[in-house]
Amino acid sequence: MSVASVIVDVPAKQTDRAFDYAIPEKWTTVIQPGMRVVVPFGPRKVQGFVIEIKTESEFSKLKKIQSILDISPVLNKELLDIGFWLTKTTLCYTISAFQAMLPAALKAKYEKEIIISDHNKQNELTSQIQSWFQNRNVVLWEEIEKSDDVQLFQKEIQRGLLEVSYKVKDRANRKLIRQVEPAVSEDEMKIYVDGLPKNAVKQMELVNHFISNPKPISAKELLQIIATTDSSIKALVSKGILKETKLEVYRDPFEDKYFKRTSPFELSQEQETAIKPILDCVEAEKHDVFLMYGVTGSGKTEVYLQAIDAVLKNGKEAIVLVPEISLTPQMVNRFKGRFGSQVAVLHSGLSAGEKYDEWRKIHRKEVKLVVGARSAIFAPFENLGIIIIDEEHESSYKQEDNPRYHARDVAIYRGKYHNCPIVLGSATPTLESFARASKQVYKLLTLRKRMNERDLPAVEVIDMREELRNGNRSMFSGLLYEKLQEKLENGEQIVLFLNKRGYSSFVMCRDCGYVMNCPHCDISLTYHRSNQRLKCHYCGFEEPLPKECPECNSEYIRFFGTGTQKVEEELSKILPEARVIRMDVDTTSRKGSHEKLLTEFGEGRADILLGTQMIAKGLDFPNVTLVGVLTADTMLHLPDFRAAEKTFQLLTQVSGRAGRHELPGEVIIQTYTPEHYSITLASQHDFDQFYLNEMMVRKSHAYPPFYYLTLVTVSHQELTKVVSITEKITSFLRMQLSESAIILGPVASPIPRINDRYRYQCMIKYKHEPNLTIALKTVIERYQQEISQNQLTLSIDLNPYMLM
DNA sequence: AGCACGCCGACT
DNA sequence: GTCGGCGTGCTC
């Protein structure tokens with residue numbers, strides 16, 4: 001007998017294992033590991049992934065696989081293995097790992113329907129139920145649940161007159177276009193045209209089109225050429241003169257876009273030196289991890305492009321990961337321009353259907369290269385020749401929910417599997433990667449010179465406390481204001497950067513200092529100007545802005561914190577003639593608006609580009625000569641050991657936007673902590689010194705890269721319960737782990753309460769703890785009951801990036 | 001996760 | 001007595 005081991009789509013501890021199913025005779029040769037199937041599971045039907053084909057099962061009474069969802073496996077052997085590896089290393093469910101590797105369109109949709117069991121007894125149903133079934137055979141349970149008839153239905157189900165039917169629906173819908181072509185020979189068409197009555201002008205035109213042009217044509221195009229309606233085509237189809245066919249097409253998110261083909265540039269000496277070891281590695285089919293450390297504007301992308309070119313010439317495939325935020329059309333153009341239709345692009349801006357189509361191009365081997373955000377690391381290539389991770393330090397490569405994987409780790413896993421190089425590129429590598437490069441675990445490649453030998457921009461650090469003392473209470477320092485005027489006069493462009501991360505527009509009473517907090521979370525509410533309301537970013541709580549302070553009834557309650565809107569307002573006051581483009585979540589939420597605004601700025605239709613994080617990287621505008629950072633230190637005070645590193649990275653990235661071409665660039669950094677090394681060293685473009693400095697800090701505080709981290713966060717409605725459970729977990733881990741592990745806690749999370757649930761943490765710092773995952777699994781099992789009762793949540797993050 | 005089964009309290 | 005509350009345990 002043929003048996004399939006199936007991982008079912010039920011993300012729960014108890015079902016996180018394989019279930020065996022009998023393979024019906026007709027499918028014994030069809031079903032393969034990695035295919036999606038529908039299986040009966042208890043009383044319902046669920047989707048599942050076949051992971052193994054066996055000849056027998058320990059389980060005696062097997063149910064049969066109900067249906068097959070794929071013609072060929074959606075997960076190959078390698079991806080199945082990656083799924084198991086993720087389950088093990090991130091402590092997630094296997095099904096969650098599988099689902100993370102596939103486009104959302106392949107996730108099943110479940111529907112529960114009610115059908116009439118026996119139509120002969122239909123009249124026995126109450127009239128109320130009968131009215132539901134007027135002119136239809138099935139009723140969706142979802143509809144019933146919304147009505148008041150739930151109990152009536154349950155009664156009839158119990159009497160056996162109605163039946164529940166469980167449906168598993170594939171979301172994956174392929175886009176089809178209607179094509180029209182002749183169904184008869186040319187001669188027959190001519191005869192038909194001659195026999196047509198005089199008033200059938202459109203039919204005649206249509207047939208004449210096919211007489212001179214018998215190729216299939218899309219209905220849409222045909223209607224345009226002939227200027228007629230569907231009815232005339234339909235008439236000809238029903239007479240058997242034409243026939244309609246459906247053709248599957250891909251939704252092309254880059255339709256209507258023309259990509260100018262580019263050819264390789266000549267590499268500089270430095271670039272040559274950097275690419276050589278990568279190319280050697282490609283030729284030798286050897287796995288190695290390269291860290292390409294290159295200052296902003298040093299031409300890393302050209303090195304990627306040429307390395308990819310070599311890989312594609314060898315008949316292999318390539319993956320390029322780019323942070324979501326810099327997956328701009330500019331970036332995509334560079335790859336599409338060089339490799340044309342061999343490129344698939346995967347990013348969150350695409351619709352589910354578009355993502356699925358791009359994924360299918362990869363799956364069917366129609367493309368050789370994928371450029372995408374984090375999840376593109378799971379591209380189902382089978383002959384990988386290189387993986388490139390650009391802006392290696394970006395935290396968006398770490399997924400913040402289950403499976404909590406880091407794309408870099410997956411890349412290295414795949415690199416070992418395919419014996420191919422991994423290239424991590426950055427102007428500001430993570431300390432983890434740079435430390436590994438220093439220890440020769442990764443091979444370091446350095447690009448110190450900017451292309452065209454352009455100097456890095458001059459950076460001026462402005463002490464905003466000093467400005468305040470001198471009576472300047474605006475958000476622009478004297479120097480920045482001066483420079484703004486100067487650049488405007490010269491007709492040059494300016495980028496103003498507002499670092500909003502960890503800093504929101506909170507509302508405070510100026511008399512008593514009372515800050516409006518969320519009643520369910522220990523975090524300040526954010527003021528949303530668009531609807532004059534206060535909103536909690538964690539639980540969604542909303543309330544109108546109060547007229548007076550709830551604490552002291554003062555009227556002087558106002559919002560603090562500088563939003564882009566406020567900067568824009570102030571700009572219009574001090575520089576009314578400046579044309580400003582504001583880019584933030586509000587102005588870029590509509591699809592394509594991001595690109596539109598950038599094009600506008602690029603074409604010189606504005607003087608100042610004002611924005612948040614999203615303008616920090618990847619942008620390259622020749623006319624930008626001034627970059628202003630309004631508040632450099634807003635995230636320096638976050639409770640995160642990477643705060644200094646992130647500040648340094650951001651300032652370096654932003655400064656890199658200035659003077660990339662002929663005109664020299666200037667950068668002004670405004671800060672309240674000008675003495676902080678992350679700010680001074682960023683202003684001196686001194687990564688090496690920053691690295692040394694920060695390494696000392698990390699060493700003395702036992703943080704990565706000297707120690708690994710694992711963060712356990714416990715949450716519960718009752719404070720006492722959270723504290724005692726976290727306490728128990730902490731002491732249990734102390735017992736299980738070695739002496740050298742540092743176990744901190746229990747302590748309250750940086751956000752101690754979210755959605756009325758208290759949050760406590762335990763942090764584990766360690767160098768080598770083979771027992772850690774086993775110990776953590778034991779912890780999960782011990783509290784399983786309370787977790788499933790939904791009172792307790794336990795989140796375990798191995799190598800966390802967010803400590804909140 | 002769902003869903004059935006089963007064991008207790010409060011109703012016609 | 002039975003309806004329905006939720007706690008418990010199973011799903012090949």
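In what follows, every heavy atom counts, from backbone to side chain, and hydrogens, waters and symmetry copies are set aside. Each chain gets a letter, A, B and so on, in the order its sequence line appears, and its residues count up from 1.
- Protein atom CD of A:Q14 is 8 Å distant from nucleotide atom C1' of C:dC10, rounded to whole Å.
- Between A:I7 atom CD1 and C:dC12 atom C1' there is a gap of 12 Å when expressed in whole angstrom units.
- As rounded to whole Å, 15 Å separates atom P of C:dC12 from atom CG of A:D9.
- Of the listed nucleotides (C:dC12, B:dC3, C:dT11), B:dC3 has the atom at the smallest distance from the side chain of A:Y166.
- Between the C1' atom of C:dC12 and the CD atom of A:E56 lies a distance of 15 Å, rounded to the nearest Å.
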For side chain to side chain contact (heavy atoms under 4.5 Å, CB included), just list the numbers for A:L80 and A:I51, CA-CA rounded to whole Å, side-chain angles, deciding distance to a tenth of an Å, and then say yes or no. CA-CA 7 Å; A:L80 283 171; A:I51 54 162; 4.1 Å; yes
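- Side-chain proximity of A:K63 to C:dG4, C:dT11, B:dA1: nearest is C:dT11.
- For A:Q151, the side-chain atoms get nearest to C:dG4 when compared with the rest of B:dA1, B:dC3, C:dG4.
- The line from CG of A:L794 to OH of A:Y783 is 8.0 Å long, rounded to the nearest 0.5 Å.
- A:L162 is listed as a side-chain neighbour of A:I116, based on a closest heavy-atom distance under 4.5 Å.
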Return a single string for nucleotides 7-12 of chain B, one symbol per nucleotide in 5' to 3' order, where B is base contact, S is sugar-phosphate-only contact and - is none, cutoff 4.0 angstrom on heavy atoms. ------
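- One interatomic measurement links the two molecules: CD of A:Q66 to C1' of C:dC12, which rounds to 15 Å at whole-angstrom precision.
- Between the CD atom of A:E58 and the C1' atom of C:dT11 there is a distance of 17 Å, rounded to whole Å.
- Residue A:F59 places its side chain closer to C:dC12 than to any other of B:dA1, C:dG4, C:dC12.
- A donor and an acceptor atom never sit less than 3.5 Å apart when one is taken from the side chain of A:R44 and the other from the base of B:dA4.
- One can place CD of A:E786 at 12 Å from P of C:dT8, the figure rounded to the nearest angstrom.
- Considering only heavy atoms from C-beta on, A:L772 comes within 4.5 Å of A:L798 through its side chain.
- At the heavy-atom level, A:K112 lies under 4.0 Å from the strands shown only through sugar-phosphate atoms.
- Between A:Y801 and A:H406, the angle of the ring planes lies from 30° to 60°, which puts this pair in the tilted group.
- The aromatic rings of A:H520 and A:F541 lie perpendicular to each other, with more than 60° between the two planes, well past the 30° mark.
- Spacing between atom CD of A:Q784 and atom P of C:dC10 amounts to 14 Å, rounded to whole angstrom units.
- The pair A:K361-A:D357 does not count as a salt bridge, with every side-chain nitrogen at least 4.0 angstrom from each carboxylate oxygen.
- Of all nucleotides listed (C:dC12, C:dG4, B:dA1), C:dC12 comes nearest to the side chain of A:F19.
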